[in-house]
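Report on one structure; see the data block that follows.
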Amino acid sequence: MIAGLPIAFGAPAILFGLLALPVIWWLLRLTPPRPAAEPFAPLAILARVLKPEQTPSRSPWWLTALRLLIATLVILALAEPVLNPRDRALSADGPLALIIDNDWASAPDWEARTNVAEDLINEAEARELPVSIVFTAERRHDATPTTVARAREQLRAAKPRPLRPDRDSATTALATALGDTRPGTVAFLTDGIDSAGTAEALTRLTDLQPTALRVIGADDATALILTSADNGADTLKIEASRLDTSMAASYRLVARDSKGREIATGPLAFEPGQGSASGAIAAPFEIRNDIARIDIAGYDTAGSARLLDDSFRRRRVALISGEAADIAQPLLSPLYYIERALSPYADLIEADSADMATAVPKLIDQAPAVIVMADIGVLPDDVTGPLTEWIERGGTLIRFAGPRLAAAPADDALAPVKLRNGERQLGGALSWIEPQPLADYPATSPFAGLPTPRDVTVSRQVLAEPSADLADRTWASLADGTPLVTAADRGAGRIVLFHVTAEAGWSTLPISGHFVDMLRRVVQLSRAVSGGGEAASGILPPWRLLNADAALVPASGDAKPLDLGTGTTVRAGHDNPPGLYGSEDGFYALNLFTTGETLQPVQIPDLSIPVDRVPIGGDSSVDFRPWLFGAALIALMADTLIVLVLNGGFRPRGFRPSAATSAMLLVFGLAAMMPLAPGGARAQDSQPGDAELIDSLESTRLAFVLTGDAEADRTSRSGLDSLSRYLAQRTALEPGTAVGVNIETDQLALYPLIYWPMSEDADFPSPAAISRIDAYMKNGGTVLFDTRDQITDLGGGSSALTVRMQQILSDLDIPPLEPVPADHVLTKSFFLLDTFPGRYADGPLWVEAIPQSDDPTTRPARAGDGVSSILITGNDMAAAWAEDERGYPLYATVPQDPWQREFAFRAGVNIVMYMLTGNYKADQVHIPALLERLGQ
């Protein structure tokens, strides 16, 4: 490598060939090109007498310099110069060992990663070295040193996994496979993200005593992950972490439903030096409840996607109390602790009436997922029926005990178990010695996994009558075995009963943090269905799994069922990859990252072996050999051309070019080999658009405005083409095919009539486009506006299409308008008409108003031969004209009348003839013929 320059030569010894350039110079000067022979008749006779040997003394200096340049280029090319050379020196002391991260973060640059590994394997092949290869995100490793062909097969079979890297197990497998064999070069292709055991794994590589260690890709790694999603009261809050914190960055969060459709977005912004940030998606909770996943736009990895399940959805919970709230003593209110426990996780609504017959139906009409009743004993009969029906449709009823429930009849239909009359209390007839704590939760309980609170005690409760199924219906119990929480399914819904009050009068449960966890579990169960597994044990089979590119795919055979009954936080791994577990009816979302996790760059510890850190962005070296050989070839072609010119190879017989002519030929020859002007094209006499302009002038064409609405544009084109065919059949005019024009850029003066249909999906024309339309109309062109909505009054604003036209016309300088008078030229320009129907027949056709005068012959003349610059209709004329290739109408008329379509075509013929001929039919000379046709 040249000192200070990133240039190296693969064969530097060849550069000594440059020392031969003086010899080449001398040889070229000694043997110049053959001189041109010119026949001269008298010399032919002298040549027979004396034939002296003659050679030129020297060749032109510039030709010699060109040939020296060719020799220099060839010598430099053979020396293999390379810009930014990559260190290709693999150690020959042992096999090449490749440790490749194929985790979730490797998905975006996996192709570049495999290309680098392929280059290393190619170099090992050139040095006849075996290759050992391991992937850090694989379940099993085969690190045995093998042939280059086998290593290529392993590399091509590998793919990114939606998992974290396990570098420790990969290093262990490599050390075990190598045994006592010392590797030459160890190449670590990393994703740049630190993980548990990375430093220890790299330190263990020193025990293998490799000659060198290459860390590829650690310096410029970038990654972005989502760690949590919290469905708050007003917004959806998302936590994220990034690896590169060097500068500020903004991203777009995309929320999608279960079908992958985008339903909401939000911003995510990082400040400089900040590795974590929060984003928010503001949307109504009904929309937020439909969100199935959250992605970061532009990032398609398993870490940047956040899957959501039914536990994420925010429920609507209705609250009803059997006791009036005490404003002076809020802590004694039955709903006080329930409101504070559920308000962060649910949308709460309360009954607005103490009358249960009125309050309960109103709450049911608001479609709550859960109804909480605090100490309500007996419900009216006309309420029990609707409430039972709501439960059977899937609702969850949560009841709390109290004096009223204790005094209610034991056969309450809305209780999960049969209750005893009265309640057991400390110091009463059914008292226990001391307040009872909670027992451990059964494995079949939804509360399984929650820590059993030892500070919660119960001093009073309602008791359940013993029964055969009481144990199956018990979710929580006291230390003495009496039920604390019981539940029973009713249809698609559920009834849950807390055998204590919702305030702290009977127990300390409502004032504990455990009360929040229990209520939240029950509320989450209001929509969750434990489908596809053993609901009691919480074992869910894999249903849809997330791949490394953040796409949900069917579950593979390696994934195992997810056990949620262990009581510990489940983390994604080889047995349980990230994805959805359960079934379509109900599932659990397992994500790659959990709340609070952050990304940190990989740290390379101080090792006792040399460490070379290089980027993974591909080989940045540039080989100059193709360029040098190409330049030498071009110079050689130039030399050949020059020699041919000098030797007369291109001149006619008898023609001898002068020195100036030879120089001119040389200049033109060299210029012919030079690149074209910027842009790759020589100057042309024609201007852009000339061909289209000439084509448009060959025949009359009807035009329509391209609105951007595909359906409207297809209808306009088909309708105008059908009208053009009708004109060719009935008149002497043979128009060409219809043309769609962009009023922003196209030349409008080529068309006598432009049809402009209104569309709600079309973009509003810019001021420049409005100005072009205004100039077109003032210069004699006519625009036919069609609102397509049967308008009868221009100023009425009867539809969105009419309003759109009014907005466009408000920026145009248009004359006063009137419906077509009975004596207007339009009624007799070709056919005799009194109406101008389209698909609809009721709307009139507006034209420029003719100045009123008692004597029609004295009406003033107008520009454009009396042709109105604007026509307006709402009859959807293009739809009436539109036909398919076989001549069948595309749209039915309203009402369905075959003659209405025929009169629509005749109206179109009259409009076109009116545009082309002006008002000449208004002359008196036509009156006798018109009266004769009318039979008058």
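Positions are given from 1, in the same order as the sequence printed here. The structure displayed is predicted, hence computed values, not measured ones.
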Mind listing the closest non-hydrogen atom pair of [X] and [Y] along with its distance?
{"X": "Asp300", "Y": "Ala550", "answer": "C-CB, 4.0 Å"}
{"X": "Gly402", "Y": "Thr501", "answer": "CA-CG2, 3.8 Å"}
{"X": "Trp475", "Y": "Val522", "answer": "CZ3-CG2, 4.1 Å"}
{"X": "Met356", "Y": "Pro380", "answer": "CB-CD, 3.8 Å"}

Within a radius of less than 6.0 Å around [atom1] of [X], do more than 12 heavy atoms belonging to other residues, nucleotides or ligands occur?
{"X": "Asp469", "atom1": "CG", "answer": "yes"}
{"X": "Arg140", "atom1": "CZ", "answer": "no"}
{"X": "Glu262", "atom1": "CD", "answer": "yes"}

Does a side-chain N-to-carboxylate-O contact under 4.0 Å join [X] and [Y]?
{"X": "Asp347", "Y": "Arg316", "answer": "no"}
{"X": "Asp295", "Y": "Arg256", "answer": "yes"}
{"X": "Asp257", "Y": "Arg288", "answer": "no"}
{"X": "Lys362", "Y": "Asp355", "answer": "no"}

Derivation and outcome, salt bridge (Lys or Arg N to Asp or Glu O under 4.0 Å), residues Asp230 and Lys237: CA-CA 5 Å; Asp230 184 18; Lys237 185 179 180 181; over 6 Å; no
Using side-chain contact (heavy atoms from CB on, under 4.5 Å) as the criterion, point out the one residue from Ile511, Leu519, Asp517 that pairs with Phe515. Leu519
Regarding Arg242 and the six-membered ring of Tyr251, is the cationic atom NZ or CZ under 6.0 Å from the ring centre and inside 45° of its axis? no
Please evaluate residues Arg139 and Asp575 with respect to the criterion salt bridge (Lys or Arg N to Asp or Glu O under 4.0 Å), reporting the C-alpha separation (whole Å), side-chain torsions for both, the decisive distance (0.1 Å), and the verdict. CA-CA 9 Å; Arg139 183 193 297 267; Asp575 291 337; 2.9 Å; yes
With heavy-atom distances below 4.5 Å as the criterion, would you say the side chains of [X] and [Y] are in contact?
{"X": "Ile376", "Y": "Leu379", "answer": "yes"}
{"X": "Leu163", "Y": "His574", "answer": "yes"}
{"X": "Glu239", "Y": "Ser278", "answer": "yes"}
{"X": "Asp103", "Y": "Arg164", "answer": "no"}
{"X": "Ile364", "Y": "Glu389", "answer": "no"}
{"X": "Met373", "Y": "Leu387", "answer": "yes"}
{"X": "Arg293", "Y": "Leu546", "answer": "yes"}
{"X": "Thr235", "Y": "Ile281", "answer": "no"}

When you compare the side chains of Ser169 and Asp166, does any donor N or O come within less than 3.5 Å of an acceptor on the partner? yes
Short side-chain donor-acceptor distance under 3.5 Å, Ser477 and Thr474: no
So Gln461 and Thr482, side-chain hydrogen bond (donor to acceptor under 3.5 Å, both in side chains) or not? Walk me through it. CA-CA 9 Å; Gln461 68 174 145; Thr482 56; 3.1 Å; yes
Begin with the C-alpha distance, continue with both residues' side-chain angles, and end with the deciding distance and a verdict on salt bridge (Lys or Arg N to Asp or Glu O under 4.0 Å) for Glu392 and Arg494. CA-CA 8 Å; Glu392 292 177 348; Arg494 181 183 290 113; over 6 Å; no
Can you tell me how the ring of Phe400 sits relative to the ring of Phe498, calling it parallel under 30°, perpendicular over 60° and tilted otherwise? parallel
Using the side-chain contact (heavy atoms from CB on, under 4.5 Å) rule, take Val360 and Ile320 through it: C-alpha gap first, then chi angles, then the decisive distance, then the call. CA-CA 8 Å; Val360 173; Ile320 310 174; 3.8 Å; yes
Aromatic contact, Tyr337 with His514 (centres under 6.0 Å): no
Run the ring-centre check on Phe593 versus Trp104 and record whether the distance is less than 6.0 Å. yes
Can a donor-acceptor pair be found, under 3.5 Å and without considering hydrogens, that links the side chain of Arg521 to the backbone of Pro446? yes
Donor-acceptor contact present, side-chain Thr508 to main-chain Thr457, <3.5 Å: yes
Going through the distances and angles, do Arg454 and Asp440 end up as a salt bridge (Lys or Arg N to Asp or Glu O under 4.0 Å)? CA-CA 10 Å; Arg454 300 306 177 186; Asp440 292 337; 3.2 Å; yes
Going through the distances and angles, do Leu268 and Arg252 end up as a side-chain contact (heavy atoms from CB on, under 4.5 Å)? CA-CA 6 Å; Leu268 175 64; Arg252 188 169 70 96; over 6 Å; no
